[in-house]
Amino acid sequence: MRWNLKPTPDSEKIKSLQDSLNIDELTATLLLQRGIETFEQARQFFRPKLEDLHDPYLMKDMDKAVARIEKAINEQENILVFGDYDVDGTTAVSLVSSYLKSFYPNVDTYIPDRYDEGYGVSFKGIDYADDNGVTLIIALDCGIKSIDHVAYAKERNIDFIICDHHRPGDTLPDAVAILDPKRVDCHYPYDELCGCGIGFKLLQALAKNRNQTIEDLLPYLDLVATAIGADIVPITGENRVLAKFGLEVINTNPRPGFKAITQNLKKKNLTITDVVFILAPRINAAGRIKHGNYAVRLLTEFGIEESEAFAKELEVFNADRKELDKRITSEALLQIIKNQEENRYSTVVYNEDWHKGVIGIVASRLIETYYRPTLVFTKSGDKLAASARSVKDFDVYNALEACSQYLLQFGGHMYAAGLTLEEAQFENFKAQFEKVVSETITEELRTPEILIDAVIDLKDITEKFVRILNQFEPFGPMNMMPVFMTENLRDTGYGKRIGSDESHLRLFVKQDDSEGYGAIGFGMGNKLEFTQNQQLFDAVYSLEENEFNGNVSLQLRLRDIKGRE
């Protein structure tokens, strides 16, 4: 594990921010590391307001999208809201369809079957639209590369509005409107929205056109916040505003579906981390194990009993998903050893029986053991399909592009992608991918890195500092939970391995005569030796509140430990 300290910001900037905000040097440093240099930027960071959201009509084609939807409503057309089967897609479909249905009845939804149709807009979905007299499809979280599909729909007199956040290809589909801030000809001020976020901008524009205010859209923000957390988009700019207000809705007035999922939790207030690890996996499990429609039904159902029934079904799907990904991960690790591929630059594994719904999770799990770009393949019809995951700062999308002569199709972004190929090309692709990765990845990128915000002493952890730190939430990409390093720590004799397999570590640490803190390190049981017999060690950690038996205390969430030489 590499420990790297973030660069210290310019001392004059630190002093200037200290003075303008009346804060200490450490807090000013943390803010500057997040790109916050002025009083106004700090105001937007600590006190985001719905008024900070941009005018939706700044997005290219928004006027065309709104005009086409209003035309459909005026002429009593049937509208189909189409979206991907993951959290971003199902929340986006739930968002747009439930808003439209609040004033217009002729709205249907469609989520493609992960196994029968695959990712994105499908011909089967367009046929469904055609069979049901649909003349307008609104595609969410997909469609930016669906040139053939949109042309196929046009032959059947079906128009498309595409709301996507993925990188476009050189040619855009022939749609009525394409809302995607990543279009080169779109100058919208913020281009990091997720698919559900783009859907919300469409709602914002429709609401504006109908003399509604942003307040009328507040109840929908629980869906947007969930998608932001699940899709791992930066928690900056508009995403920060949407996530913050969406979390408030989740914690104060959640839709019945969310209430049904969380009603047995002991936690009173959910953070974005809870959304990622509690809500998102259950929503995702529907599309992975059964069908994404289950998620949409849960998220658009307003009857309490029905919501609880749907939530129970998702709980079962999620338990099945956990069992599958545990078994397949074990099989994949065995395959790597059997093939003597432990020392390669990439991981590419394949089994025709592996469940397509969990191969992305398995790819992430494999990176925990072999830290390198990873692809997990399974059989999909008469083709092979894979999920790709990458390591920090390595662009797996570009690596796939360099192997595209062997691929039927691929899509995604820097850290995650999906692809399909003919089975006959598997070995050629595997060899080429290993070659590309070996030639482009640096030795440094092959070792996990912990980025440290600041080196502090335990005495720096004051009540005021913790209070301010809590206001940095919601955390996420570009605003990660601050990571600190403290040197010369000593365990006071309470150190032990915990957990059923003793894989975790619990300590009670002090530094000189400072106040002591409990510390927990998940998966760090093997580090106990560095803390025994009163020996000094250095630790990298975040600060978190630990709730136990109704008592809340501050603890160190350990990331790594190193003994002092």
Side-chain angles (χ1 to χ4, degrees), residues 48 86-88 90-91 94-95 194 196-197 218-236 239-286 288 295 298-299 307-308 310-312 314-315 317-319 321-322 325 361 364 466-467 469-483 499 504 518 520-523 541-559:
D86 67 2
V87 178
D88 197 12
T90 52
T91 53
S94 303
L95 173 92
C194 60
C196 190
L218 262 179
Y220 298 94
L221 287 180
D222 53 355
L223 293 170
V224 186
T226 302
I228 287 169
D231 223 52
I232 320 177
V233 288
I235 308 285
T236 56
N239 282 341
R240 185 169 173 81
V241 179
L242 294 167
K244 191 172 178 70
F245 283 94
L247 278 170
E248 283 181 15
V249 176
I250 289 170
N251 285 314
T252 57
N253 188 28
R255 63 191 53 237
F258 284 153
K259 204 169 187 176
I261 291 175
T262 59
Q263 62 185 351
N264 295 322
L265 293 179
K266 292 185 175 67
K267 285 195 75 165
K268 288 188 176 67
N269 271 323
L270 298 189
T271 65
I272 201 84
T273 306
D274 297 319
V275 167
V276 172
F277 289 104
I278 296 169
L279 295 181
R282 285 158 177 79
I283 296 168
N284 242 337
R288 290 187 189 282
L298 173 80
L299 297 174
S307 295
E308 288 178 355
F310 288 141
K312 278 178 185 165
L314 291 196
E315 201 62 50
F317 298 154
N318 195 44
R321 187 270 308 166
K322 283 181 183 174
D325 91 58
I361 301 171
S364 298
V466 172
R467 222 170 29 245
L469 210 55
N470 286 339
Q471 294 177 50
F472 277 53
E473 291 192 37
F475 296 119
M478 306 295 286
N479 179 40
M480 299 302 284
M481 183 181 284
V483 174
H504 310 311
I520 181 109
F522 292 104
Y541 58 90
S542 295
L543 295 170
E544 66 176 16
E545 288 181 339
N546 178 38
E547 207 172 305
F548 186 70
N549 287 340
N551 297 317
V552 179
S553 60
L554 195 67
Q555 72 175 3
L556 314 186
R557 174 71 172 269
L558 298 170
R559 305 295 182 92

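Only a predicted model underlies this, so the values are computations on that prediction, with no experimental measurement involved. Values below: every heavy atom of this structure, side chains too, minus hydrogens, waters and symmetry copies.
Within the model, atoms CZ of Phe475 and OG1 of Thr273 stand 8.5 Å from one another, a figure rounded to the nearest 0.5 Å. Annotation: the span from Leu218 atom CG to Asn253 atom CG amounts to 10.0 Å, rounded to 0.5 Å. Expressed to the nearest 0.5 Å, how far CD1 of Ile235 lies from CD of Glu473 amounts to 11.0 Å. Considering CG of Leu298 and CD of Glu308, their distance stands at 11.0 Å, rounded to 0.5 Å. Note that CG of Leu242 and CD1 of Ile228 are 5.0 Å apart. Values are rounded to the nearest 0.5 Å. Atom-to-atom distance recorded for Thr90:OG1 and Asn284:CG is 7.0 Å, nearest 0.5 angstrom.
Closest non-hydrogen pair, Gly257 versus Ser307, comes out as N-OG, 3.9 Å. The nearest pair of heavy atoms linking Phe472 to Asn479 is O-ND2, 2.9 Å. Minimum heavy-atom separation, Val276 to Ala280: O-CB, 3.5 Å. Shown here for Ala243 and Ile272, the closest heavy-atom pair between the two residues is CB-CD1, 4.3 Å. Here the shortest heavy-atom pairing between Val275 and Ile250 reads CG2-CD1, 4.0 Å. Of all heavy-atom pairs spanning Gly197 and Val224, the tightest one is CA-CG1, 4.3 Å.
Counting only heavy atoms from C-beta outward, the side chains of Pro254 and Thr262 never approach each other to under 4.5 Å. The shortest side-chain heavy-atom distance between Thr226 and Leu299 does not fall under the 4.5 Å cut-off. Within the 4.5 Å cutoff, no side-chain heavy atoms of Arg255 are placed close to those of Pro219. In this structure, Leu221 and Glu248 have side chains that are not in contact, with every pair of non-hydrogen atoms separated by 4.5 Å or more. Using a 4.5 Å heavy-atom threshold, the side chains of Val249 and Phe258 count as separate. At a threshold of 4.5 Å between non-hydrogen side-chain atoms, the residues Ile361 and Arg321 count as touching. Two residues are said to be in side-chain contact when any heavy atoms from C-beta on lie closer than 4.5 Å; Asp86 and Asp231 meet this criterion. Between Arg557 and Leu543, every side-chain heavy-atom pair lies at or beyond the 4.5 Å cut-off.
Neither side chain, Asn470 nor Arg467, offers a donor N or O lying under 3.5 Å from an acceptor on the other.
Within 6.0 Å of CE on Met481 lie more than 12 heavy atoms contributed by other residues, nucleotides or ligands. Counting heavy-atom neighbours within 6.0 Å of Ile232 CD1, excluding the residue itself, gives a total of 12 or less.
Side-chain atoms of Ser542 never come within 3.5 Å of backbone atoms of Val483 as a donor-acceptor pair (strictly under, hydrogens ignored).
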